[in-house]
Amino acid sequence: MRWSQTFIPTLKETPADAEIPSHQLMLRAGLVRQLMAGAYTYLPLGWRALRKVEAIVRDEMERAGAIEIHMPALTPVELFEQTGRLAAFGNVLMKFEVQRKGKRVPMALGPTHEEVVTDLVARHINSFRQLPICLYQIQTKFRNEERPRFGVLRTSEFIMKDAYSFGTSLEQLDAVYQKMYRAYCRVFSRCGLEYLPVEAESGPIGGDASHEFMIPAANGEDDVVRSSGGLYAANLERAETGRTPPTITTPATAAALATVATPGATSIEQVSRILKIEPSQLIKTLIYSADDKPVAVLIRGDHEANENKIRRALGAKSIKLADPATIEAVTGAPVGFAGPVGIKCPIIADHDVVVIANAVTGANQADAHHTNVNIGRDYEVTTSHDLRNALSGDPSPRGDGTLEVVHGIEVGHVFKLGTKYSVALKAEFTDEKEQRHPMIMGCYGIGVNRILAGLAETRHDAGGLCWPLAIAPYEVVLVPINVAEAECKEAAESLYAAFQNAGIDVLLDDRDQRPGVKFKDADLVGFPLRVVVGGKSLKEGLVELKWRHLAEATKVPLVGLVETVLKELAQRRAEEAANVPAAV
RNA sequence: CGGGGUGUGGCUCAGCUUGGUAGAGCGCUUGGUUCGGGACCAAGAGGUCGCAGGUUCAAAUCCUGUCACCCCGACCA
């Protein structure tokens, strides 16, 4: 392709409403343009890079035994009713009605395709002999994000690779899951991403039934923890801490329980300011409704409660913060003044709460807090639990050093679904003994656009983007110094033809621009290899090769250049492939 | 949905406080000189100042409403 014949609107200045690097650079490099909040057009370069990501995803899916199909984005709302997800999605589901034969027909744009694929399989697959099977597609998904943001990182319309496996047993599910997990590792490393598989919240099956693939990045929306020894990584929603349960005894330094006036102070911040104490001296008393029974959950004032951990510790199906009426019933006080002393419901406490001596808590009466609250004397718990979010510096649950909390961009998710959808939509198979069973499912998603955005976010410098060879819009940019000079122009044209004949993925910057402009643009877009023709070098029979990721250029003879470039590309390709885990 | 911010040529922004005929740089067009890291000279084109209403002799500027976009939070199978 010739630069003059395509559409690459690069920008010198950073657009005002782009804040994070990937957004700024993808706009400036002419990869994308915004249509409205959460909706972007992919311009020629962006689309080309995106198609390369898709090709890698397809390749690895096929290698892992998944079969490509294509389902409609248009979905009957009825299917979501059958699985209960109409309510679960709420406003996120884009639904609308169309007129057909005078009737209103409700439809939705698919946010994901568990329902559609399960319905398909339910209708056409019946026997254990046809299983396991894994179907996938690469398709545009729609989610009405309440707040699209971060450029192309979080949009209301995005391209997703979604795969769904169906099997007869947990063993079959495990086997597909492992294959997909490995395929994902290969996809992300082939794309040149530094990625981190983390344990994620896993729903009904539990255990290691869900992993997310994260790109560590300062602007990532998710928080993940990883251990210094590298043995443990998990989403913060899920992450355990390796804290050892302390022995519970009343502190020897316990002072006399007192009540202090704290008018209107219902938050940790307000109370600590009024009483001039550190939040870590406070005990937060959160009243939860666990399967409709009230429970008081004690968390240190400067810590954050983790509802998944609380739910598991209580063995409850679902928990939510109690409503004001329940809180008043168990505390006898308005919301904001709950404390463990004399509370009329069961109490559970985090490990870090039971060791606080002379703590401050709500007094279970309006506008008052207790000071010098001590365990065993003023309130009673017999064991403590891991109930809070992990923090940097916590011990790893695997015993390999300490945890660190980092931000991450979620680019993939593998999940053991179990039978939730197969039961709801009657996707059943007949076994050898003519017994009917619901199929056991898994689902596996990749955010295709996020791979691109993630690369832009993590691979750039002051000059612009820096694509890996595997994803770059073009692998090589061929830059004639001066197209107005016949000798230079002819040399570039004949090289361009030779590159194309050799199958090199090349863009010829044939614009009549000064060299500085072309170099700046080449750096901004981030083509991996730049070949410069012209000037004194050309007269000496040399051209310049410059890799985007290296500081120095090299001069090589014009004679035999195609072979030289092919060799350099092959070498670079091998370097990039060195980190890709072997396929099994 | 709560809080904050911004809307002025394609892009970045000034002008608004204190109302008085819309500006700069970049980009674009034409001609010329240039040509190894975002050139220079000259001449041009391009804007209902987000939209609607109000105040006023007069509104980009003041007031009211509204829309869009960005950021923080809530939310996110």
Side-chain angles (χ1 to χ4, degrees), chain A residues 9-20 23-24 27-28 30 33-40 75 79-80 83-93 108 110-118 141-151 153-156 158 160 162 164 200-204 210 212 219 221-222 235 237 321 410 413 415 417-418 420-421 424 441 443-445 447 462-464 479-485 487-489 509 511-525 530-540 542-544 546 553 555:
Chain A
T10 57
L11 298 170
K12 266 192 201 176
E13 287 177 284
T14 303
D17 49 11
E19 203 147 293
I20 65 170
H23 192 198
Q24 294 177 340
L27 287 170
R28 285 191 57 210
R33 282 295 182 269
Q34 185 181 48
L35 175 64
M36 58 180 176
Y40 284 81
T75 313
L79 275 181
F80 291 100
T83 57
R85 288 214 295 179
L86 186 61
F89 273 119
N91 195 34
V92 170
L93 189 69
T112 170
H113 276 65
E114 281 83 356
E115 282 84 356
V116 178
V117 74
T118 307
K141 297 283 187 275
F142 298 86
R143 294 183 193 182
N144 181 39
E145 296 290 347
E146 291 289 323
R147 187 184 155 213
R149 58 182 133 177
F150 301 138
L153 227 37
R154 186 174 173 81
T155 52
S156 354
F158 56 96
M160 186 183 196
D162 46 326
Y164 306 91
E201 271 305 317
S202 52
S210 172
E212 289 166 341
N219 288 305
E221 279 197 281
D222 288 276
N235 193 305
E237 293 169 0
L321 279 170
E410 184 187 345
H413 196 170
F415 197 99
L417 280 174
K420 176 180 172 183
Y421 296 95
M441 293 175 58
C443 68
Y444 318 91
V479 184
I481 293 269
N482 183 356
V483 293
E485 212 171 75
E487 190 191 354
C488 174
K489 182 174 174 159
D509 190 350
R511 294 175 299 168
D512 185 9
Q513 289 286 352
R514 293 165 62 83
V517 173
K518 296 185 178 189
F519 294 156
K520 288 286 186 190
D521 272 349
D523 287 349
L524 177 60
V525 175
R530 191 183 75 193
V531 179
V532 180
V533 193
K536 267 183 290 185
S537 307
L538 182 59
K539 291 184 181 30
E540 295 163 10
L542 298 171
V543 298
E544 180 195 277
K546 163 83 173 62
K555 294 206 171 162

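Nothing here was measured: the structure is a model prediction, and the numbers come from that model. Lettering follows sequence order; numbering is per chain, from 1. Hydrogens, waters and symmetry mates are skipped; everything else that's a heavy atom, side chains included, is used.
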(message) Can you identify which nucleotide, out of G38(B), A77(B), G36(B), has its nearest atom closest to the Val517(A) side chain?
(response) G38(B)
(request) Would you confirm whether Arg143(A), through its side chain, and Leu93(A), through its main-chain N or O, come within 3.5 Å as a donor-acceptor pair? (result) no
(request) Using atom CE of Met36(A) as one end and atom P of C69(B) as the other, report the distance to the nearest whole Å. (result) 8 Å
(message) Nearest heavy atom decides the nucleotide; on that basis, is His23(A) or Pro111(A) closer to the 5' end of RNA chain B?
(response) His23(A)
(message) Applying a 4.0 Å non-hydrogen cut-off, can you work out what Asn91(A) is touching in the nucleic acid: base, sugar-phosphate, or nothing?
(response) nothing
(message) Classify Ala88(A) by what it touches in the nucleic acid, base, sugar-phosphate, or nothing, heavy-atom distance under 4.0 Å.
(response) nothing
(message) Measure CE/Met441(A) against C1'/A77(B) and give the value in whole Å, please.
(response) 12 Å
(request) May I ask you to say what Glu485(A) touches in the nucleic acid, namely base, sugar-phosphate or nothing, with a heavy-atom cut-off under 4.0 Å? (result) nothing
(message) Just verifying a value: how many Å separate Lys536(A) NZ and Lys555(A) NZ, rounded to the nearest 0.5 Å?
(response) 7.5 Å
(request) Measure from NZ on Lys539(A) to P on G36(B) and round the result to the nearest Å. (result) 11 Å
(message) Using atom C1' in both nucleotides, what's the gap between C71(B) and U64(B) to the nearest angstrom?
(response) 26 Å
(message) Using heavy-atom distances to pick each residue's nearest nucleotide on RNA chain B, tell me which of Gly151(A) and Glu221(A) is more 5'.
(response) Gly151(A)
(request) Could you check how far CD1 of Ile481(A) sits from P of G37(B), rounded to whole Å? (result) 8 Å
(message) Whether the side chain of Asp523(A) and the base of G37(B) hold a donor-acceptor pair under 3.5 Å is what I'd like checked.
(response) yes
(request) Between C49(B) and A59(B), how far apart are the C1' atoms? Round to whole Å, please. (result) 11 Å
(request) Identify whether any heavy atom of Glu146(A) sits under 4.0 Å from a base atom; if not, whether one sits that close to sugar-phosphate; answer base, sugar-phosphate or nothing. (result) base
(message) Just so I know, are the side chains of Lys539(A) and Glu487(A) near enough to count as touching, which here means a heavy-atom distance under 4.5 Å?
(response) yes
(request) Report yes or no: is there a donor-acceptor pair, N or O only, under 3.5 Å between the side chain of Arg147(A) and the base of G3(B)? (result) no
(message) Between C1' on G73(B) and CZ on Arg154(A), what's the gap in Å once rounded to a whole number?
(response) 13 Å
(request) Using only heavy-atom distances, determine whether the side chains of Asn235(A) and Glu201(A) contain a donor-acceptor pair under 3.5 Å. (result) no
(message) Can you list everything that forms a salt bridge (Lys or Arg N to Asp or Glu O under 4.0 Å) with Arg147(A)? Sequence neighbours excluded, please.
(response) none
(message) Between G36(B) and G10(B), how far apart are the two P atoms, rounded to whole Å?
(response) 34 Å
(request) Supply the atom-to-atom distance Tyr164(A) OH to Tyr444(A) OH, rounded to the nearest 0.5 angstrom. (result) 11.5 Å
(message) Heavy atoms only, 4.0 Å cut-off, all strands: where does Ala18(A) land among base, sugar-phosphate and nothing?
(response) nothing
(message) Under 4.0 Å, heavy atoms only, any strand: does Val92(A) hit a base, just the sugar-phosphate, or nothing?
(response) nothing
(message) What contact category does Arg530(A) fall into here, base, sugar-phosphate, or nothing, at under 4.0 angstrom with non-hydrogen atoms?
(response) base
(request) Report the distance from atom NZ of Lys141(A) to atom P of C76(B), rounded to the nearest whole Å. (result) 20 Å
Can you pull every protein N or O that's under 3.5 Å from an N or O on nucleotides 6-13 of chain B?
from: U12(B); atom 1: OP1; to: Ala16(A); atom 2: N; distance (Å): 2.8
from: U12(B); atom 1: O4'; to: Glu13(A); atom 2: OE1; distance (Å): 3.4
from: U12(B); atom 1: O2'; to: Glu13(A); atom 2: OE2; distance (Å): 3.3

(request) Using the C1' atom as the reference point in each nucleotide, state the distance between A43(B) and U6(B) in Å, no decimals. (result) 36 Å
(message) Need the pair for C57(B). Rule: Watson-Crick or G-U wobble, both distances under 3.5 Å, any strand; none if unpaired.
(response) G20(B)
(request) Pick the P atom in G73(B) and in G15(B), then give their distance to the nearest Å. (result) 31 Å
(request) Quick one: list whatever passes salt bridge (Lys or Arg N to Asp or Glu O under 4.0 Å) with Arg85(A), sequence neighbours left out. (result) Glu114(A), Glu115(A)
(request) State, with a plain yes or no, whether a side-chain heavy atom of Cys443(A) is found less than 4.5 Å away from one of His413(A). (result) no
(message) Which nucleotide, if any, forms a Watson-Crick or G-U wobble pair with C69(B), using both distances under 3.5 Å?
(response) G5(B)
(request) Looking at every strand, decide which applies to Gly90(A) at a 4.0 Å heavy-atom threshold: base, sugar-phosphate, or nothing. (result) nothing
(request) Would you mind telling me which of A39(B), G36(B), C69(B) lies closest to the side-chain atoms of Arg514(A)? (result) A39(B)
(message) Quick one: does any side-chain atom of Asn144(A) pair with a main-chain N or O of Asn91(A) as donor and acceptor, under 3.5 Å?
(response) yes
(message) I'd like the C1' distance from U21(B) over to G25(B), given in whole Å.
(response) 24 Å
(message) Of the options G36(B), C35(B), A77(B), whose atoms approach the side-chain atoms of Ala484(A) most closely?
(response) C35(B)
(request) Answer yes or no: is there a donor N or O on one side and an acceptor on the other, between the side chain of Lys420(A) and the main chain of Met441(A), under 3.5 Å? (result) no
(request) Starting from C1' on U34(B), measure out to CG on Asp512(A) and report it in whole angstrom. (result) 11 Å
(message) If I pick the P atom on A60(B) and the same atom on G7(B), what distance separates them, to the nearest angstrom?
(response) 16 Å
(message) Could you tell me how far G27(B) sits from U12(B) if I compare only their C1' atoms? Round to whole Å.
(response) 11 Å
(request) Respond yes when some side-chain nitrogen or oxygen of Arg85(A) is under 4.0 Å from OP1 or OP2 of A77(B), and no when none is. (result) no
(message) Checking contacts here: which listed nucleotide (C26(B), C76(B), C35(B)) is nearest the side-chain heavy atoms of Glu145(A)?
(response) C76(B)
(message) Using a 4.0 Å heavy-atom cut-off, does Phe150(A) contact any base of the nucleic acid, only the sugar-phosphate backbone, or nothing at all?
(response) sugar-phosphate
(message) Distance check needed: C35(B) P versus Gln513(A) CD, whole Å only.
(response) 16 Å
